[in-house]
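The next block holds one structure in the form of structure tokens; read it before the comments.
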Amino acid sequence: MSIQFRHKPGMVVYLTIGDPDISTSKQIALAAIDAGADVLELGVPFSDPLADGPVIQRASERALLHGTRLTEVLALARELRTERPQAGLVIFSYLNPILRLGLEKFCALAQEAGVDGVLVTDLIVEEAEEYRAAMRRHKLQPIFLAAPTSPDARLEQIAKASEGFVYAISRTGITGTQQQVADGAQQLVERIRRYTKLPIALGFGISSAAHVAAVGAFADAAVIGSAIVAIIEKSTPAEAPMAVAAFLSELGVVPVATGETLAILS
Amino acid sequence: MSKVTATESNPSSAIAGRFGAYGGRYVPETLMAALEELESAYAAAQADPAFTSELAHLLHHYVGRPTPLYHAARLTEFLGGAKIYLKREDLLHTGAHKINNCIGQGLLARRMGKRRIIAETGAGQHGVATATVCALFGMECVIYMGEEDMRRQELNVYRMRLLGAEVRGVRSGSATLKDAINEAMRDWVTNVRTTYYLLGSVLGAHPYPTMVRDFHRVIGIEARQQILEAEGRLPSAIIACVGGGSNAIGAFFEFIPDKSVRLIGVEAGGRGTNLGEHAARFQCGSPGVLQGTYSYVLQDDAGQVSLTHSVSAGLDYASVGPEHAALHDSGRAEYVSASDAEALRATVTLARMEGILPALESAHAVAEAMRLAPKLQRSDILLVNISGRGDKDMGILARELKLQGA
Ligand SMILES: Cc1ncc(COP(=O)(O)O)c(C=O)c1O
């Protein structure tokens with residue numbers, strides 16, 4: 001149980017859990033892992049996803065229509081851990097559902113489920129003292145976001161507070177696909193590198209083999225989010241796992257030889 | 001999530017954006033640099049006499065301050081108890097207290113060299129005030145507004161457009177204030193380098209709750225002086241409606257050290273007590289994080305934010321300013337609610353007794369005054385903040401009060 005990147009670049013896949021339903025999310029997650037996803041971000045749907053674009057907003061709405069809960073996402077993580085021991089599992093959430101469950105209880109349940117790390121969209125390093133302490137107690141890896149607008153001093157704090165990997169946001173804005181990888185992305189990754197030896201994953205707007213190749217030239221991993229959620233939206237529940245697997249296998253990530261996996265922390 | 005605990009003597013001092021356990025900064029990392037820039041620009045502006053004197057000049061000559069403190073003699077007589085004074089924020093340019101904050105933040109945005117202004121609006125009063133200030137300063141203006149609110153506050157949509165603002169409808173959620181804020185924050189995250197987010201209440205991440213409160217403090221500063229001049233003593237209670245809580249905190253703040261003065265905030269009781277039928281955060285909510293700040297939130301047991309309802313768009317919101325949360329927990333302020341029906345009744349009463357047509361938001365404060373005054377002595381004084389005027393609500397009032405027809 002650890003976050004390891006076995007591909008070059010590593011592949012991080014975001015899913016909104018409960019879209020279209022929990023059992024389909026599980027099949028999609030398994031298919032994504034089998035198609036080469038090193039890390040799965042298990043997205044907890046939230047009523048007010050203010051950092052997300054229309055694609056993930058719609059997915060959250062669909063997941064909430066049948067009341068998908070954080071505890072169900074954790075239960076799914078436990079099943080995935082059992083069936084795919086090698087996969088990196090990250091809970092991806094807004095803060096409020098975690099607070100409502102209780103920080104301590106959340107961390108205990110996540111640890112029990114075999115979750116590796118947690119990423120909270122609206123939790124910045126300065127507000128994360130209690131959170132980091134709870135994560136430490138439960139051997140969970142906190143992953144923080146770094147933005148192109150973050151000055152160096154903030155990048156340093158973010159890099160030092162993160163474990164597993166650092167998530168670099170490719171551009172200012174909300175989640176969603178775009179034509180090409182933003183200009184400032186490489187510069188951001190290079191700025192973060194000065195402060196850490198952790199792998200750096202680049203996300204926001206990555207949706208094609210060309211993007212992944214571009215990212216691979218300067219970052220350790222690519223996060224694919226809205227592009228996959230959009231495929232799920234267009235597929236029937238029965239087709240979705242295959243459609244996602246087919247899309248991922250076209251992205252052109254290459255397995256790295258064993259013994260060479262990038263940065264391991266557990 | 002507690003960081004700094006409030007002290008007895010100063011329950012609402014903002015240390016690093018905290019009010020007791022509440023407040024803080026819960027935002028995507030992308031916005032952090034902008035919030036820090038805003039915080040330091042605001043601190044510099046406050047210390048700059050050129051800024052404060054231009055603000056004072058505009059508040060007087062453009063906005064119309066000071067507003068009167070009016071003794072509502074007929075209403076007092078009718079209710080047969082405490083003597084009632086009305087703080088007339090409804091007489092301000094654009095028709096509500098919102099302009100106090102918009103002038104302040106508009107000047108700040110100009111100082112910061114930002115030419116594109118975005119804002120959310122519920123009742124449309126903050127949108128109108130923002131569009132007004134953008135016209136005054138020659139800035140680009142985009143207003144996000146829930147489609148439900150665009151429908152029920154249609155006149156304000158026309159006003160904003162006439163003033164040169166672009167009004168963008170928001171369809172998600174219940175298509176009201178919360179959804180408009182989500183969309184404004186998405187715009188800000190995307191255009192953060194060029195855009196100033198002119199938030200309209202004491203909500204959001206630090207420094208907004210403190211800054212917006214400071215721009216509205218003038219309400220209480222004037223009212224305290226005016227009541228001392230008129231009566232030679234302080235009121236028994238101050239009553240204000242609470243949406244995000246900007247007019248209320250502005251009216252309350254100067255009186256916080258005066259322990260004999262009750263501070264009463266009135267939330268929207270809507271049409272029932274079930275989740276989704278009201279916006280009574282203090283009666284039915286619990287602490288949580290929504291849209292950048294830690295405060296009371298109407299939510300379900302999984303932490304999903306509830307839908308809300310109020311006849312008044314300006315009070316129809318699932319959370320409340322963090323300073324109010326601290327004042328609530330410390331017991332310094334009390335929070336009650338008034339229903340849609342009570343607010344409508346209060347609107348008619350104030351109109352017929354005093355010839356003053358309050359906004360439906362403000363009518364919630366009047367409704368509490370109508371409940372409270374008869375229980376008090378004639379020697380008691382109630383100071384009610386009339387945060388805005390009701391012209392914008394004529395469509396709703398015509399329907400609800402059946403004013404149509406020959
Ligand atoms: C006249 C009036 N009063 C009150 C409010 C509620 O806001 P706040 O609680 O921030 O004063 C509004 C909001 O639109 C308003 O227009």
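The sequence lines fix the lettering, A, B, ..., with proteins before strands; numbering per chain opens at 1. Keep in mind that the numbers below use all heavy atoms, side chains included, and drop hydrogens, waters and symmetry copies.
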query = Does atom CD of A:Q180 have more than 12 heavy-atom neighbours from other groups under 6.0 Å away?
reply = no

key: Backbone N/O of A:A146 and side chain of B:E29: donor-acceptor pair under 3.5 Å   = no

ask   = So what's closer than 4.5 Å to chain B heavy atoms on A:I174: side chain, backbone, both or neither?
value = both

query = Can you tell me how far the CD atom of B:E183 sits from the CD atom of A:Q57, to the nearest 0.5 Å?
reply = 6.0 Å

ask   = Mind checking whether B:R186 and A:P54 have side chains closer than 4.5 Å, heavy atoms only?
value = no

key: Check: B:R25 and A:E126 side chains under 4.5 Å, non-hydrogen atoms   = no

key: Side chain / backbone / both / neither for B:L290 at chain A, heavy atoms under 4.5 Å   = side chain

request  = Please look at B:Q291 and chain A and tell me whether the side chain, the backbone, both or neither of the residue comes under 4.5 angstrom of a heavy atom of that chain.
outcome  = both

ask   = Roughly how far, to the nearest 0.5 Å, is the CE atom of B:M32 from the CG atom of A:L145?
value = 13.0 Å

Contacting moiety of B:S306, where chain A heavy atoms sit under 4.5 Å = neither

request  = For the pair B:Q304 (side chain) and A:P45 (backbone), establish whether a donor and an acceptor sit closer than 3.5 Å, ignoring hydrogens and angles.
outcome  = yes

message = As an exercise: rank A:L101, A:D52, A:I98 by heavy-atom pairs under 4.5 Å with chain B and give me the winner.
response = A:D52

message = Taking B:V305's backbone N and O only, do any of them form a donor-acceptor pair with A:S47's side chain (distance below 3.5 Å, no angle check)?
response = yes

query = What parts of residues 165-176 of chain B touch chain A if we use heavy atoms and a cut-off under 4.5 Å?
reply = B:S172

message = Using a 3.5 Å distance criterion without hydrogens, assess whether the side chain of B:N182 forms a donor-acceptor pair with backbone atoms of A:L50.
response = no

inquiry  = Using modelled atom types and a 3.5 Å cut-off, is there a donor and acceptor pairing between side-chain atoms of A:D122 and backbone atoms of B:Y26?
reply    = no

key: Toward chain B, the part of A:T121 with a non-hydrogen atom under 4.5 Å   = backbone

key: Atom pair CD1 (A:I124) and OG1 (B:T30), whose distance is rounded to the nearest 0.5 Å   = 11.5 Å

ask   = With a 4.5 angstrom heavy-atom cut-off, which part of A:P49 approaches chain B: side chain, backbone, both or neither?
value = both

Separation between OG1 of A:T172 and CG of B:L31, rounded to the nearest 0.5 Å = 9.5 Å

key: Pairs where residues 69-80 of chain A contributes a residue and the test salt bridge (charged side-chain N to carboxylate O under 4.0 Å, His left out) is met, not counting sequence neighbours   = A:K26-A:E79, A:R69-B:D301, A:R78-A:E112

